[in-house]
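Right, I'll just put the structure down here and ask away after.
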Amino acid sequence: MTVAHPPREVFIQGITLDGRTFRPSDWAERLAGAMSCFRPGGVRPGIGSHIGYSPLCVPTVINGVKCVVVNEELRRLEPMAWDFVMNFARDNSLQVADACLLPDSPGGKSGT
């Protein structure tokens with residue numbers, strides 16, 4: 001019996017390799033917005049279906065640093081979209097980390 005491993009997540013951080021804050025300040029929202037149509041099950045028709053980020057590429061703030069959390073499932077779903085976000089990080093010398101975003105616990109603190 002094989003154990004299925006959940007897709008990993010890659011955190012693109014708004015800090016360059018030399019420690020500077022990446023600009024413009026809304027870079028994470030712009031990048032996630034460009035990826036909003038790449039969703040599990042594809043784009044859904046209907047009013048308002050285009051509003052919101054894809055669950056595979058979400059902007060967030062972690063410890064005061066803007067980040068984009070990219071789920072590895074994007075690579076399987078649309079390899080060119082995965083390459084786009086990874087090349088964006090590389091071309092802009094952004095720090096990238098493999099990690100897993102933990103859901104908030106009932107007490108409101110992550111990872112406890």
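Side chains included, hydrogens not; waters and symmetry mates left out as well; all remaining heavy atoms used. By convention here, the first residue in the shown sequence is residue 1.
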message: Side chains of Leu77 and Trp82, heavy atoms from C-beta outward: is any pair under 4.5 Å?
response: no
query: Do Met35 and Val85 have side chains that get closer than 4.5 Å, going by heavy atoms?
result: yes
message: Within this structure, what is the CD1-SG distance for the pair Ile62 and Cys67, rounded to the nearest 0.5 Å?
response: 4.5 Å
task: Specify the closest pair of heavy atoms between Tyr53 and Ala32, including all atoms of both residues, with the distance to one decimal.
output: CD2-CB, 3.5 Å
- request: Assign the ring pair Phe88 / Phe22 to parallel, tilted or perpendicular, where the plane angle (0 to 90°) is split at 30° and 60°.
  value: perpendicular
message: For a quick test of reading the model, state the closest non-hydrogen atom pair linking Glu78 to Phe38 and the distance between them.
response: CG-CE2, 3.4 Å
query: Between Arg30 and Pro59, is any pair of side-chain heavy atoms under 4.5 Å apart?
result: no
- prompt: Tell me, do Glu73 and Glu9 make a side-chain contact under 4.5 Å, heavy atoms counted?
  reply: no
task: Report the distance from atom CG of Asn92 to atom CG of Leu31, rounding to the nearest 0.5 Å.
output: 9.5 Å
message: Which heavy atom of Ser54 sits nearest to which heavy atom of Val58, and what is that distance?
response: O-CG2, 3.3 Å
- prompt: Taking the side chain as C-beta and beyond, is there a heavy-atom pair between Asp83 and Met86 under 4.5 Å?
  reply: no
Test item: Val68 and Cys57 side chains (from C-beta on) under 4.5 Å apart, heavy atoms: yes
Test item: Gln13 and Val96 side chains (from C-beta on) under 4.5 Å apart, heavy atoms: no
- prompt: Can Trp27 be reached from Leu56 by stepping across I, L, V, M, F, W or Y side chains whose heavy atoms are under 4.5 Å apart?
  reply: yes
pair Ile15-Leu94: side-chain heavy atoms closer than 4.5 Å: no
message: Please determine whether residues Ile12 and Phe84 belong to a single hydrophobic cluster, defined as Ile, Leu, Val, Met, Phe, Trp and Tyr linked transitively by side-chain heavy-atom distances below 4.5 Å.
response: yes
- prompt: Of the non-hydrogen atoms in Thr16 and Gln95, which two are nearest, and what is the gap between them?
  reply: O-NE2, 3.0 Å
task: Measure the spacing between CZ of Arg76 and CG of Asn71 and express it to the nearest 0.5 Å.
output: 10.5 Å
statement: What one should report as the nearest heavy-atom pair of Glu29 and Ser25 is OE1-O, 4.1 Å
